[in-house]
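Working notes for the structure below.
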Amino acid sequence: MELATRHTVAAPRRSDTRHCAWCGRPLPDTGRIGRPRRYCAQPCRQRAYERRAAVQRGGLPDDAVVLSGEELADLQDRLFQLRCAAEDIATAATDGTGGAELLRLATELAHTARGLERLR
């Protein structure tokens, strides 16, 4: 008689960090079962609700993105920084810069791009 072996399959864990849907801060991994958190705190949840309500009152589509003038200027600044970092890498590569310097520039570019991912 053969003994049956038990195999337990662990639930797959998300390796990527989840971020607050309002402010972009990383959400803590609570390990809870159920619907995942979307906001880091009640004030972020409230601001998101207020923005959704304002979009609905304005007759805009649900997927509309509304930015203030300040937010737009900040986004344009960060896009400019990203472009400059990419141009620095292209110039360095053309000039025959060594691998260590290219790595440093590429790391700086990745850091700038990560900051740009947060549109809040």
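Throughout, residue positions are numbered sequentially from 1 according to the sequence presented.
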* Asked: Hey, quick one: are Leu116 and Leu72 part of the same hydrophobic cluster, counting side-chain heavy atoms closer than 4.5 Å, chains of contacts allowed?
  -> yes

* Asked: Say you draw a straight line from OG1 of Thr112 to CG of Leu79; how long is it, rounded to the nearest 0.5 Å?
  -> 11.0 Å

* Asked: Roughly how far apart are Gln81 CD and His111 NE2, rounded to 0.5 Å?
  -> 9.0 Å

* Structure fact -> Nearest heavy-atom contact between Ala85 and Leu109 is CB-CD1, 3.7 Å

* Rounded to the nearest 0.5 Å, what's the gap from OG1 on Thr97 to CD1 on Ile89? Could you check? => 10.5 Å

* How would you list all residue pairs meeting salt bridge (charged side-chain N to carboxylate O under 4.0 Å, His left out) that involve residues 93-113, not counting sequence neighbours? -> Glu101-Arg104, Arg104-Glu108

* Asked: Rounded to the nearest 0.5 Å, what separation is found between the CG atom of Leu82 and the CG atom of Asp77?
  -> 12.5 Å

* Structure fact -> To the nearest 0.5 Å, atom SG of Cys44 lies from atom CZ of Arg25 at 5.5 Å

* OG/Ser68 to CG/Leu75 distance, rounded to the nearest 0.5 angstrom? -> 10.5 Å

* Structure fact -> The salt bridge (charged side-chain N to carboxylate O under 4.0 Å, His left out) partners of Arg83 (sequence neighbours excluded) come to Glu87

* Taking only residues two or more places apart in sequence or in another chain, which ones pass side chain to side chain donor-acceptor pair (under 3.5 Å) with Thr94? -> none

* Residues two or more places apart in sequence or in another chain: which of them pass side chain to side chain contact (heavy atoms under 4.5 Å, CB included) with Ile33? -> none

* If you count the non-hydrogen atoms of other residues, nucleotides and ligands that lie under 6.0 Å from CD in Glu70, is the total more than 12? -> no

* Asked: Can you list every side chain to side chain donor-acceptor pair (under 3.5 Å) pair that touches residues 48-58, not counting sequence neighbours?
  -> Tyr39-Arg52, Gln46-Glu50, Arg47-Glu50

* Could you list the residues that satisfy side chain to side chain contact (heavy atoms under 4.5 Å, CB included) with Leu27, not counting sequence neighbours? => Arg18, Cys20, Arg37, Cys40

